[in-house]
Amino acid sequence: MKQYLDLCNRIIDTGTWIENERTGKRCLTVINADLIYNVEKNEFPLITTRKSFWKAAIAEMLGYIRGYDNAADFRQLGAKTWDANANENQAWLNNTHRKGEDDMGRVYGVQGRAWSKPDGGTIDQLKKIVDNLSKGVDDRGEILSFYNPGEFHMGCLRPCMHTHNFSLLGDTLYLNSFQRSCDVPLGLNFNQVQVFTLLALIAQITGKKPGQAYHKIVNAHIYEDQLALMRDVQLTREPFSPASLSINPDIKSLEDLETWVTMDDFEVSNYQHHEAIKYPFSV
Ligand SMILES: Nc1nc(=O)c2c([nH]1)NC[C@@H]1CN(c3ccc(C(=O)N[C@@H](CCC(=O)O)C(=O)O)cc3)CN21
Ligand SMILES: O=c1ccn([C@H]2C[C@H](O)[C@@H](COP(=O)(O)O)O2)c(=O)[nH]1
């Protein structure tokens, strides 16, 4: 929690105002942030200075794991987070690749599970990683990349958290996650939970112990219409001690994650938090 608050304060104290053409808004911005989550100690990085909707964050990650490309599938899991980008983003609505209501196109999980090969067929990056790690193999290239510039024109948004790189040291699994662009009041609240949960889940299904997760952010920003709420409300609150996450131990394989897992298989305990804050969302 402290590292999140430190980043918010750093943006407010030292950030530069940058015009963003896509959203038409200014963002107070800093470059480079490194966050660490202690998954081995189950210190769940849930924001306590406002109510955080952690189930939606995990649902979004589960949708990526399943390779979903449709906001309706995300809604069914419990995340409404892709509705606006799929259905209200004018550039995407005008795009001939959009297949209709709720289509997100070739983003995130589609790339992770079905990256198109130039010579035909697709690559399932996640399955290869899970198969290798389960056998105790780390080929120093256990990389899940959603970043496919050749297909940016076929999706509603470029991935923000674009690469997850797994590593094994003995039987301990580590994760380095890379994010190019971060909406700190809204997105990071979710992204912290997602990096933590991704390591916990992949460790569980490959039979490894989770170690630490390292989260690298490049452009970290607060939109102009979010600033007052962050500075004058959220940052005036005292944080509570961290919550912990429990995952149904019956989840044992990638197939389990693909088929029957729901948000009922995740529980958070000791989550003490301040009141919710409704931050403006920029499409
Ligand atoms: N401007 C912007 N910021 C983002 O964080 C973001 C995007 N766009 N586009 C793609 C995804 C969608 N994400 C989202 C979208 C909505 C919320 C959101 O509204 N969160 C609220 C309520 C969540 C709920 O009720 O389930 C929150 O208070 O956290 C969070 C992340 C993260 N990403
Ligand atoms: O997981 C996510 C997804 C998106 N965001 C934020 C970061 C930016 O504010 C927007 C994306 O806009 P770009 O113009 O494509 O950078 O969404 C996030 O924080 N986390």
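All values derive from a computational prediction rather than experimental measurement. All values below come from the heavy atoms of this structure, side chains included, with hydrogens, waters and symmetry mates left out. Numbering of ligands and ligand atoms starts at 1, following listing order.
Closest protein heavy atom to atom 11 (C) of ligand 1: W82 CZ2, 4.2 Å. The closest protein non-hydrogen atom to atom 22 (C) of ligand 1 is F53 CD1, 3.9 Å. What sits closest to atom 14 (C) of ligand 1 on the protein, heavy atoms only, is T81 CG2, 3.6 Å. Residue, atom and distance of the protein heavy atom nearest to atom 6 (C) of ligand 1 are F281 CE1, 3.8 Å. Nearest protein heavy-atom neighbour of atom 6 (C) of ligand 2: D183 CB, 3.8 Å. The shortest contact between atom 4 (C) of ligand 1 and any protein heavy atom is with D183 OD2, 3.7 Å. In terms of protein heavy-atom proximity, atom 1 (N) of ligand 1 is closest to S282 O, 2.9 Å.
For ligand 1, the atoms sitting less than 4.0 Å from at least one non-hydrogen atom of A56 are 26 (O), numbered in the order shown with element in parentheses. Within ligand 1, counting atoms from 1 as listed, the ones closer than 4.0 Å to a heavy atom of R50 are 27 (C), 28 (O), 29 (O). Near L157, meaning under 4.0 Å from one of its heavy atoms, ligand 1 places the atoms 9 (N), 10 (C). Taking every heavy atom of L186 and a limit of under 4.0 angstrom, the matching atoms of ligand 1 come to 18 (C), 20 (N), 21 (C), 27 (C), 29 (O). Taking a cut-off of under 4.0 Å to the non-hydrogen atoms of R180, the atoms of ligand 2 that pass are 13 (P), 15 (O), 16 (O). Residue-ligand proximity, N189 to ligand 1, at heavy-atom distances under 4.0 Å covers atoms 29 (O). Listed by number with element, the atoms of ligand 2 under 4.0 Å from a non-hydrogen atom of Y223 are 8 (C), 9 (O), 10 (C). The distance from ligand 2 to the heavy atoms of Q179 drops below 4.0 Å at these ligand atoms: 18 (C), 19 (O), 20 (N).
Remark: the T81 side chain and the E60 side chain contain an N/O donor-acceptor pair separated by less than 3.5 Å. In the model, S269 has a side-chain atom that pairs as donor or acceptor with a side-chain atom of S244 under 3.5 Å. Residues K209 and T172 bring no donor and acceptor atom of their side chains to less than 3.5 Å of each other. In the model, N191 has a side-chain atom that pairs as donor or acceptor with a side-chain atom of Q179 under 3.5 Å. The closest side-chain donor-acceptor pair between S134 and D131, if any, does not fall under 3.5 angstrom. Q194 and Y64 are not linked by any side-chain donor-acceptor pair at a separation below 3.5 angstrom, with hydrogens and angles left out of the test.
Ring orientation note: the planes of F146 and H164 are nearly perpendicular, at an angle over 60° on the 30°/60° scale. A tilted orientation is assigned to the rings of H273 and Y271, their planes being inclined by 30° to 60°. Taking the six-membered ring where the residue is Trp, H153 and H97 present perpendicular rings, their angle passing 60° and hence far from 30°.
Of the options P159, S181, A57, P185, the smallest heavy-atom separation from atom 16 (O) of ligand 2 is shown by S181. Taking all heavy atoms of G187, C160, C156 into account, the minimum distance to atom 5 (N) of ligand 2 is reached by C160.
Closest approach of M230 to I12, counting heavy atoms only: CG-CD1, 4.1 Å. Scanning both residues, C160 and S181, for their nearest heavy atoms gives CB-O, 3.5 Å.
Considering backbone and side-chain atoms together, E60 places no N or O closer than 3.5 Å to any N or O of ligand 2. Considering backbone and side-chain N/O of Q194, none are found under 3.5 Å from N/O of ligand 2. Taking any N or O of G187, backbone or side chain, at least one lies under 3.5 Å from an N or O belonging to ligand 1. Considering backbone and side-chain atoms alike, N191 places an N or O below 3.5 Å from some N or O of ligand 2. For ligand 2, one of its N or O atoms has an N or O atom of R22 under 3.5 Å away.
Using 4.0 Å as the threshold, Y108 has a heavy atom nearer than that to some atom of ligand 2. The shortest separation from a heavy atom of Y279 to ligand 1 is not under 4.0 Å, leaving the residue out of contact.
A single hydrophobic cluster is seen to contain both V233 and L28, as judged by linkage of ILVMFWY side chains at heavy-atom distances under 4.5 Å, directly or through other members. In this structure, I222 is not a member of the same hydrophobic cluster as F190, with clusters built from ILVMFWY side-chain heavy atoms closer than 4.5 Å.
Here H215 and F196 keep their ring centres 6.0 angstrom or further from each other. Outside the 6.0 Å centre-distance limit, the rings of Y147 and F178 are not counted as a close aromatic pair.
Proximity of atom 33 (N) of ligand 1 to the protein is not indicated, since no non-hydrogen protein atom lies closer than 4.0 angstrom.
Proximity of N85 to ligand 1, defined as any heavy-atom pair under 4.0 Å, is confined to the side chain (atoms from C-beta onward).
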